[in-house]
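Working notes for the structure below.
Within every chain, numbering begins at 1; the chains are lettered A, B, ... in the order of the sequence lines, protein sequences first and strands thereafter. A quick note: this is a predicted structure, and the numbers were derived from the prediction, not measured.
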Amino acid sequence: MADIKKAEVIEATNFIENEINKDILAGKIHGGIQTRHPPEPSGYLHIGHVRNIVLNYGTALKYGGICNLRYDDTNPLKEKQEFVDALQEDVLWLGYKWNEIKYATDYFQENYEIAVKLIKEGKAYVCDLSPEEVSQYRGTLTEPGKNSPYRDRSVEENLDLFERMKNGEFEQGSRCLRAKIDMASPNMNMRDPVIYRIQYLDHQRIGRSWNVYPTYDFSHPLDDCLEGVTHSICGLEFEDHRPLYNWVVENSGLENHSRQIEYSNLMIRNTVSGKRNIKKLVEEGIVWGWDDPRLITLKALRRRGVLPESLIDFVVAAGFAKTTTICEQSMLEYFIRNTLNQKAKRVMAVLDPIKLVITNYEGEGEEILLEDYPQNEETTKRKYVFGKELLIERSDFEVTPPPKYHRLYVGNTVRLKGAYVVKCTGYDLNEDGSVKCVYAEYDKNTKSGSGVEVKVKGTIHWLNEKYATKCEVRTFGNLLADSEAGSTNERAELGEVVYNTNSVDINKNAYVESDVDFTMEDRYQFMRNGYYALDCVDSKPDALVFNQVVGLKGSYKPEVK
RNA sequence: UGGGGUGUCGCCAAGCGGUAAGGCAUCAGACUUUGACUCUGACAUUCGUAGGUUCAAAUCCUGCCACCCCAGCCA
């Protein structure tokens, strides 16, 4: 790749691009910009990871550079092939494509050779201290550490011992290789960090071929340099590791020196984030799985019906800074709605039906036209059947309407979406006092699209039972949120986080229009009920199950006194 | 307590010595075949705090305060 020209510096839209531009202007970049997406295959991707993905793939894209997907698979204890596969699916779903797939294990031979080089230069030594002793010798935040008694072994002895570690001659934990830096450093990471440990484990990719594994702190900078990475973008929690990262880079003897830049992680208020926490919920059976729609994993969001572009838009809008970013759920929801508003088919559905009788309607039923995509001028239209007896939403009628209520009550006029304007004339009650049936009269001159102008304040959706299909609709509490104090919801306590496990509402008596071609890939807006997606796991042809993606914004709010 | 990082509207977030962008949320109004969408308007005399430098500071200096991260042979 040709050297990036100073003229090719793009206008920076965040501090990371700013730093990259500085490097280009300073002539530090030879070749193009290269980043990497380095997940550890120890769990599923969640929305917090999207920021890192956008930053790594997106930045490379912007500079015409490349980004590799590199699994940080240096700890087989936590890793599984299941996660390796899921990760790739999720990245592709988001719409990003890596240049190459790499593994940290690809570089084990090189890592090993550089470790040997460091030993030869007297910059690393084999330490016989037990893990507990290493910890004790390290000192505390305020007190400096003590040198290991094995710190000054001869190069020959170190070489021999490390070779034997590699050959599997010692017990796990009995010895490790440490970088010789400074036991008195105020930065804990610089107090002779462990760079190689003995592990006799079956690695999901390389089996038992290695008995010694490099630690993240050693392999990551090396792999970056080896691969040609120019900018290694990572989380703020690695800020303290940067001096060590640089130490490894500078002592590696490698030509390419990549630079680590940190950004803050992205969180959403009142959701459970962090692989560890999500994993615990899954393992303890508190949620249905990694794709439980209440979760914020990409799998869950997708199952719920969220479109990937919404996630990208959201992450970009949230920006990339170094402050702790905790966004409100309403912000995420805005971007979900924004995409869906353009892409979701409109379908009429009644979640909690009551009967509406048009008393002066004599026809057998008549066809009306409904727009599938009203946001799009060239929308397709579908036919639906209006009739004398209809189903409407229970909440669209009130016996005693609160102030500013614009829907049905005796004497009021509303438009039935796509059909006629009707005036409510009366209602019947059940013995328990609930509404059984509502009566109305229609005005035959007011058919939608006829051009006759009628001013009504409310439009309600409806269904003709003969042309409707019963279905199941599930709505979810806001993702998986902390319960508010005083809530009666069932709670499950995990560590310090309180989870609301009672946030699923299943409604089996809902109806949707028949004759609509429902597919998994489509999203639907159920008029005033919000956006829904056909559940891609639970649905069967004879039982439509819709998951709520997100509700509509705003709604009627009774006056609070 | 040592080191590192961060503090700008309810929530994100620009700004980098020249007199506070933008988005979400909220409120008011218009429009409407979804109380959606769209549109229009309102919304920080003030940038954690106290001083200092300067004609001029959110931006520079000093001292405080708050929060986050680090003592894995995890990443």
Does A:Y103 have A:R205 sitting over its ring (NZ/CZ under 6.0 Å from centre, angle to axis within 45°)?
-> yes
Is A:K146 close enough and on-axis enough to A:Y137, meaning under 6.0 Å and within 45°, for cation-pi?
-> yes
Phosphate-side-chain proximity, [X] and [N], N/O vs OP1/OP2 below 4.0 Å:
| X | N | value |
| --- | --- | --- |
| A:T323 | B:A13 | yes |
| A:Y334 | B:C24 | yes |
| A:R197 | B:A75 | yes |
| A:R528 | B:G35 | yes |

Is it true that the side chains of A:Y531 and A:E333 contain a donor and an acceptor less than 3.5 Å apart?
-> no
What distance, rounded to whole Å, do you find between the two C1' atoms, one in B:G7 and one in B:C64?
-> 14 Å
Any donor-acceptor pair under 3.5 Å joining the side chain of A:D240 to the base of B:G3?
-> yes
Pairing partner (Watson-Crick or G-U wobble, both distances under 3.5 angstrom) of [N]:
| N | answer |
| --- | --- |
| B:G2 | B:C70 |
| B:U49 | B:G63 |
| B:G41 | B:C27 |

Would you say the side-chain atoms of A:E143 pair up with the backbone N or O of A:G139, donor to acceptor, closer than 3.5 Å?
-> no
From CD of A:E333 across to C1' of B:C12 the rounded distance in Å is 15 Å
In terms of base orientation, is B:G72 syn or anti, with the syn window spanning 90° either side of 0?
-> syn
